[in-house]
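What follows is a single structure, written as structure tokens, with notes after it.
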2 protein chains.
Amino acid sequence: MNTPQTERISEAEHAVMEALWADAPLTAAQVADRIGETRGWSLATVKTLLSRLSQKGAVDTAPDGRRFLYSPVVARSEYVGTESRRLVDRLFGGRASSLFAHLAEAEALDDKDLSEIEALLQELRK
Amino acid sequence: MNTPQTERISEAEHAVMEALWADAPLTAAQVADRIGETRGWSLATVKTLLSRLSQKGAVDTAPDGRRFLYSPVVARSEYVGTESRRLVDRLFGGRASSLFAHLAEAEALDDKDLSEIEALLQELRK
DNA sequence: TCGGATCGCTTACAACTGTAATCGCAACCC
DNA sequence: GGGTTGCGATTACAGTTGTAAGCGATCCGA
């Protein structure tokens with residue numbers, strides 16, 4: 001049983017996780033190549049974030065010569081799940097339908113969204 | 001047009017906002033009464049949070065004798081909107097339907113949720 | 001083999017957060 | 001009117017986050 005991710009992943013750390021979820025394992029330099037550019041981070045910053053994630057047990061390190069290869073430990077779906085639930089709990093009293101209602105009302109849903117959701121509903125209701 | 005809420009509201013501050021959204025205006029002591037208990041905060045802590053919110057322009061203060069009455073400036077729906085969008089953007093590439101799909105898959109939607117969403121869809125599709 | 005490039009690790013440091021104690025002043029009570 | 005109480009404002013202080021520089025070890029190319 002792996003530790004159930006007690007430590008919270010910060011926003012900057014999350015960007016690093018995204019890189020690893022997209023493609024792993026990666027070296028620190030590779031991660032920096034993929035995200036440092038868009039975020040404007042130096043290699044040093046990426047390294048710090050990787051260390052912190054490593055301490056938190058969110059990524060795994062495998063020695064490869066003198067460097068490390070980093071891989072995610074926490075699955076993306078797991079992270080996304082806890083974060084979504086946090087939001088739903090905090091802002092919508094735990095009711096996912098309220099979140100949906102809000103998005104609908106805020107016109108944050110376009111036709112494509114609606115169609116997809118409709119399809120999913122069909123699926124779920126079968 | 002009111003200022004578009006640049007300053008971010010932290011989680012502890014959000015709890016205070018909830019109290020004010022539920023019932024406003026309130027004095028600091030009243031806010032503390034309503035939330036200090038469940039959150040285990042002292043009056044001093046609530047006062048600090050109110051000051052910070054005031055600085056950020058998220059609450060408004062009206063003098064009432066020797067004390068202040070606090071009221072929310074930012075509307076709850078506005079806050080909820082920006083926070084929801086943040087999450088959708090960050091975790092689902094801006095596609096709300098992906099969030100929905102995730103919730104569905106994670107079985108975070110019960111029958112009641114599904115029915116409500118179905119009803120909302122009907123409404124939207126009219 | 002030696003110098004530069006590259007690693008991870010350690011340290012830095014300011015901003016933001018959570019949590020509060022303290023202070024000075026205004027007001028209310030007797 | 002002098003003590004007490006209740007207020008907002010100021011100050012405190014540790015932990016987290018964002019952002020990075022520096023250090024000592026190691027590897028690679030010349």
Side-chain angles (χ1 to χ4, degrees), chain A residues 5-20 24-71 74 79 82-83 86 90, chain B residues 5-20 24-71 73 79 82-83 86 90:
Chain A
Q5 182 199 0
T6 27
E7 306 267 17
R8 199 122 150 62
I9 291 174
S10 82
E11 203 168 315
E13 287 161 4
H14 168 234
V16 169
M17 291 302 289
E18 286 294 344
L20 292 175
L26 293 177
T27 66
Q30 286 172 326
V31 172
D33 273 356
R34 292 171 203 221
I35 60 170
E37 201 161 347
T38 43
R39 308 276 299 207
W41 286 341
S42 77
L43 174 59
T45 299
V46 172
K47 283 183 186 177
T48 301
L49 294 171
L50 280 168
S51 311
R52 289 184 183 164
L53 285 167
S54 177
Q55 274 175 231
K56 292 184 182 180
V59 307
D60 193 35
T61 56
D64 171 45
R66 67 188 172 124
R67 62 196 175 170
F68 282 155
L69 292 178
Y70 298 88
S71 312
V74 177
Y79 173 75
T82 45
E83 289 302 303
R86 274 179 87 78
R90 211 160 63 85
Chain B
Q5 183 199 0
T6 25
E7 306 267 15
R8 199 121 152 62
I9 291 173
S10 83
E11 204 167 317
E13 287 160 3
H14 168 235
V16 169
M17 290 304 289
E18 286 293 345
L20 292 176
L26 294 177
T27 66
Q30 286 173 327
V31 172
D33 274 356
R34 295 174 199 219
I35 61 169
E37 203 161 345
T38 43
R39 309 275 300 206
W41 286 341
S42 77
L43 175 59
T45 300
V46 172
K47 284 182 185 176
T48 301
L49 294 172
L50 280 168
S51 311
R52 288 184 184 165
L53 285 168
S54 177
Q55 274 174 232
K56 291 183 183 180
V59 308
D60 194 34
T61 57
D64 170 45
R66 67 196 173 117
R67 64 199 172 163
F68 281 156
L69 293 178
Y70 298 88
S71 312
V73 168
Y79 174 75
T82 45
E83 289 303 302
R86 275 179 87 78
R90 211 161 61 85

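Throughout, a chain's letter reflects where its sequence line sits, starting with A, and its residues are numbered from 1.
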task: Name the first nucleotide and the last nucleotide along DNA chain D (5' to 3') that come under 4.0 Å of a heavy atom in chain A.
output: dT17(D) to dC27(D)
- prompt: Going by the salt bridge (Lys or Arg N to Asp or Glu O under 4.0 Å) test, which pairs reach into residues 33-53 of chain B, not counting sequence neighbours?
  reply: Asp23(B)-Arg34(B)
- request: Between Arg66(A) and Glu13(A), just flag the one whose closest nucleotide in DNA chain D comes earlier from the 5' side.
  value: Glu13(A)
task: Answer with base, sugar-phosphate or nothing: what part of the nucleic acid does Ser42(B) contact at a heavy-atom distance below 4.0 Å?
output: sugar-phosphate
Non-hydrogen atoms of Ala15(B) and Trp41(B) that approach each other most closely: CB-CH2, 3.9 Å
- line: So, with a heavy-atom separation below 4.0 Å from DNA chain C, the residues of residues 32-41 of chain B are Gly40(B), Trp41(B)
query: Nearest 0.5 Å, what's the OG1-CG distance between Thr48(A) and Leu43(A)?
result: 9.5 Å
message: As a test of understanding, state which of Leu50(A), Val59(A), Leu49(A) forms a side-chain contact (heavy atoms from CB on, under 4.5 Å) with Glu13(A).
response: Leu49(A)
- prompt: Which heavy atom of Leu26(B) sits nearest a heavy atom of Ala19(B), and at what distance?
  reply: CD1-O, 3.9 Å
task: Determine whether Glu11(A) and Arg90(B) make a side-chain contact, defined as any pair of heavy atoms from C-beta on separated by less than 4.5 Å.
output: yes
query: Is Arg67(A) touching bases, backbone alone, or none of the nucleic acid, heavy atoms closer than 4.0 Å?
result: sugar-phosphate
task: Walk along DNA chain C from 5' to 3' and tell me the first and last nucleotide with an atom closer than 4.0 Å to a non-hydrogen atom of chain B.
output: dT17(C) to dA27(C)
task: State which residues pass side-chain hydrogen bond (donor to acceptor under 3.5 Å, both in side chains) with Ser71(A); sequence neighbours excluded, sorted by chain then number.
output: none
- line: Heavy-atom closest pair (Val46(A) atom, Ala28(A) atom, distance to 0.1 Å) is CG1-O, 3.9 Å
query: Does the side-chain contact (heavy atoms from CB on, under 4.5 Å) test come out yes or no for Leu69(A) and Thr61(A), once each step is laid out?
result: CA-CA 6 Å; Leu69(A) 292 178; Thr61(A) 56; over 6 Å; no
- request: Dump the intermediate steps for side-chain contact (heavy atoms from CB on, under 4.5 Å) on Ile9(B) and Tyr79(B), then the final yes or no.
  value: CA-CA 9 Å; Ile9(B) 291 173; Tyr79(B) 174 75; 3.9 Å; yes
- prompt: What's the spacing between Asp60(A) CG and Tyr70(A) OH if we round to 0.5 Å?
  reply: 11.0 Å
- request: Kindly compute the distance separating CD (Glu83(B)) from CZ (Arg8(B)), expressed to the nearest 0.5 Å.
  value: 4.5 Å
- prompt: What nucleic acid atoms does Ser10(A) come within less than 4.0 Å of, heavy atoms only: base, sugar-phosphate, or nothing?
  reply: sugar-phosphate
- prompt: Counting only non-hydrogen atoms, which of residues 49-65 of chain A are less than 4.0 Å from DNA chain C?
  reply: Arg52(A)
task: Using a heavy-atom cut-off of under 4.0 Å over every strand shown, decide if Ala44(A) touches base, sugar-phosphate, or nothing.
output: base
